[in-house]
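Just below is one structure, and these are the notes that go with it.
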Amino acid sequence: HVKRSGRAGFYKYQPEVHLDQSQRWNVEHELREALGTDQLSLEFQPLASAQDGQLRGFEALCRWQHPVYGEISPDVFIPVAEATGLIKELGAWVLREACRQAARWEWPVQVAVNVSPCQLEDHNFPDMVFDALREANLPPHRLELEVTESALIGQSDTTTEALSVLRAKGIGFALDDFGAGWSSLSTLRKFKFDRLKIDKSFIWQIESDPRSVAIVRAVLGLAKSLGVPVTAEGIEDQAQLLALRNMGCTEVQGFHLGRPNSVASLPAQEPWQAINETNEKPS
Ligand code: C2E
Ligand code: MG
Ligand code: MG
Ligand code: MG
């Protein structure tokens, strides 16, 4: 998906974005300007029970609308924010804003916030999280932090400590993009998670690739033994939903159920109605 084309060229969406030095400087400069303005906003994507579609929570996703370049993908600006240290300020804003909005939702479900590895390395991180919760008057159990395995591989004592301090207060942790990283199993041994999120790439191949099916089955079995619920992310059609549901996946997320939206809204009910109708009339 190319979102726009134009002069600077850095805002094109690519799954893996590699920027050269001058492009990175551009994004850094523009992002510094954007912080604290209304160029940044959050969207919320629903997570639903795989069995009946009931709302389970929302994931907060950061959006950047540049006045000249238009929408810039997080796949572009998050890595730059991480590399330049701007993630500290950006991440703090995301947390505060996500908690503030979640406290006003009509459903008391969890808000999931993505956290970059370097944020966990910051000694002040737990206090920043507690401040955000207190300010919003949001109970800790309504917050879940999504981390990727890269955050925990070669982690320092600071990260380990942050995790245990935050968990002790009731904040949840999800292991994001599970399977896409490197040493998944040792991560699962070392840390206790409240949720695993299977990477989109496995879901997208579930109909065409028997290996993806085998891997998803194995992950679901592993999670079951560990007593951890699994969210399948990136569900784009009914066949994927049906497959995941039949394999015993706990929760689902994806465009088929609800796109990220500026306001938190209920997941679509139609996909589950269709499943129930199929079950009633076996062919
Ligand atoms: P993620 O945490 O794995 O988030 C899921 C991404 O998949 C989001 O992309 C979401 O819009 C997209 N997605 C969800 N369902 C579907 C689907 O059915 N089909 C397709 N094609 N895509 C789907 P987005 O919003 O572009 O974010 C990309 C990544 O940027 C996120 O991946 C996350 O790693 C990072 N990110 C976004 N916001 C933040 C933030 O506030 N802080 C940090 N540290 N990272 C963020
Ligand atoms: Mg995530
Ligand atoms: Mg993910
Ligand atoms: Mg990701």
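Whatever order the structure lists them in is the order used to number ligands and atoms, beginning at 1. It should be emphasised that the depicted structure is a prediction, and the values quoted were computed from it without experimental measurement.
- By heavy-atom distance, the residue among His256, Lys200, Gln240, Glu236 lying nearest atom 6 (C) of ligand 1 is Lys200.
- Inclusion of Ile87 in the set of residues having an N or O under 3.5 Å from an N or O of ligand 1 is not warranted.
- For ligand 1, the atoms closer than 4.0 angstrom to any heavy atom of Glu233 are 3 (O).
- At a threshold of 4.5 Å between non-hydrogen side-chain atoms, the residues Phe202 and Phe178 do not count as touching.
- For a distance bound of 2.8 Å, the N, O or S atoms of Glu233 include one lying that close to the Mg ion (ligand 3).
- A salt bridge links Lys197 with Glu59: the distance from a Lys NZ or Arg NE/NH1/NH2 to an Asp or Glu carboxylate oxygen falls below 4.0 Å.
- For ligand 1, the atoms closer than 4.0 angstrom to any heavy atom of Ile235 are 18 (O).
- Taking the ring centre of Phe173 as origin, the terminal cationic atom of Lys192 falls outside the region bounded by 6.0 Å and 45° from the ring axis.
- Within the 4.0 Å heavy-atom cutoff, Gly91 does not count among the residues contacting ligand 1.
- With a 4.0 Å heavy-atom cut-off, ligand 1 is reached by the side chain of Asp176 but not by its N, CA, C or O.
- Take the N/O/S atoms of Asp176: the one nearest the Mg ion (ligand 3) is OD1.
- Hydrophobic cluster membership differs between Leu61 and Val113, with clusters built from Ile, Leu, Val, Met, Phe, Trp and Tyr side chains linked at under 4.5 angstrom.
- Below 3.5 Å of separation, one finds no N or O of Glu82 facing any N or O of ligand 1.
- Under 4.0 angstrom from ligand 1, the non-hydrogen atoms of Trp204 all belong to its side chain.
- Of all N, O or S atoms in Glu59, the one lying closest to the Mg ion (ligand 2) is OE2.
- Residues forming a side-chain contact (heavy atoms from CB on, under 4.5 Å) with Thr37 (at least two apart in sequence, or on another chain): Ala34, Gln39.
- In terms of modelled atom types and a separation under 3.5 Å, the side chain of Thr148 and the main chain of Asp176 share no donor-acceptor contact.
- Ligand 1 has no nitrogen or oxygen under 3.5 angstrom from a nitrogen or oxygen of Pro74.
- Counting non-hydrogen atoms of neighbouring residues, nucleotides and ligands closer than 6.0 angstrom, the CZ atom of Arg63 exceeds 12 such neighbours.
- Between atom CD of residue Glu270 and atom NE2 of residue His256 there is a gap of 9.0 Å, rounded to the nearest 0.5 Å.
- Residue contacts with ligand 1: Gln253 is placed with no nitrogen or oxygen under 3.5 Å of a nitrogen or oxygen of the ligand (distance criterion only).
- In this structure, Trp204 CH2 and Glu233 CD are separated by 8.5 Å, a value rounded to the nearest 0.5 Å.
- Inspection of the Glu97 and Gln101 side chains reveals an N or O donor paired with an N or O acceptor under 3.5 Å.
- Distances from atom 46 (C) of ligand 1 to the heavy atoms of Val113, Leu40, Ile78, Leu61 put Ile78 nearest.
- With distances taken over non-hydrogen atoms, the option nearest atom 4 (O) of ligand 1 out of Glu97, Glu43, Glu59, Arg259 is Glu59.
- Distance check for Asp177 against the Mg ion (ligand 2): none of its N/O/S atoms falls below 2.8 Å.
- Every atom of ligand 1 with a heavy atom of Pro260 under 4.0 Å away is listed here by number and element: 11 (O).
- By the 4.0 Å N-to-carboxylate-O rule, Lys200 lies too far from Asp177 to be salt-bridged with it.
- Taking the Mg ion (ligand 2) as reference, the nearest N/O/S atom within Glu146 carries the name OE1.
- Under 4.0 Å from ligand 1, not a single heavy atom of Lys197 appears.
- Listed by number with element, the atoms of ligand 1 under 4.0 angstrom from any heavy atom of Arg63 are 11 (O), 24 (P), 25 (O).
- The pair Arg100-Glu135 does not meet the salt-bridge criterion, since no charged nitrogen lies less than 4.0 angstrom from a carboxylate oxygen.
- For Phe77, the ring-ring contact (aromatic ring centres under 6.0 Å, His included) criterion is met by Trp64, not counting sequence neighbours.
- The atoms of ligand 1 that sit less than 4.0 Å from any heavy atom of Gln45 are 14 (C), 15 (N).
- Ligand 1 does not have Trp64 within reach: every non-hydrogen atom of the residue lies 4.0 Å or more from it.
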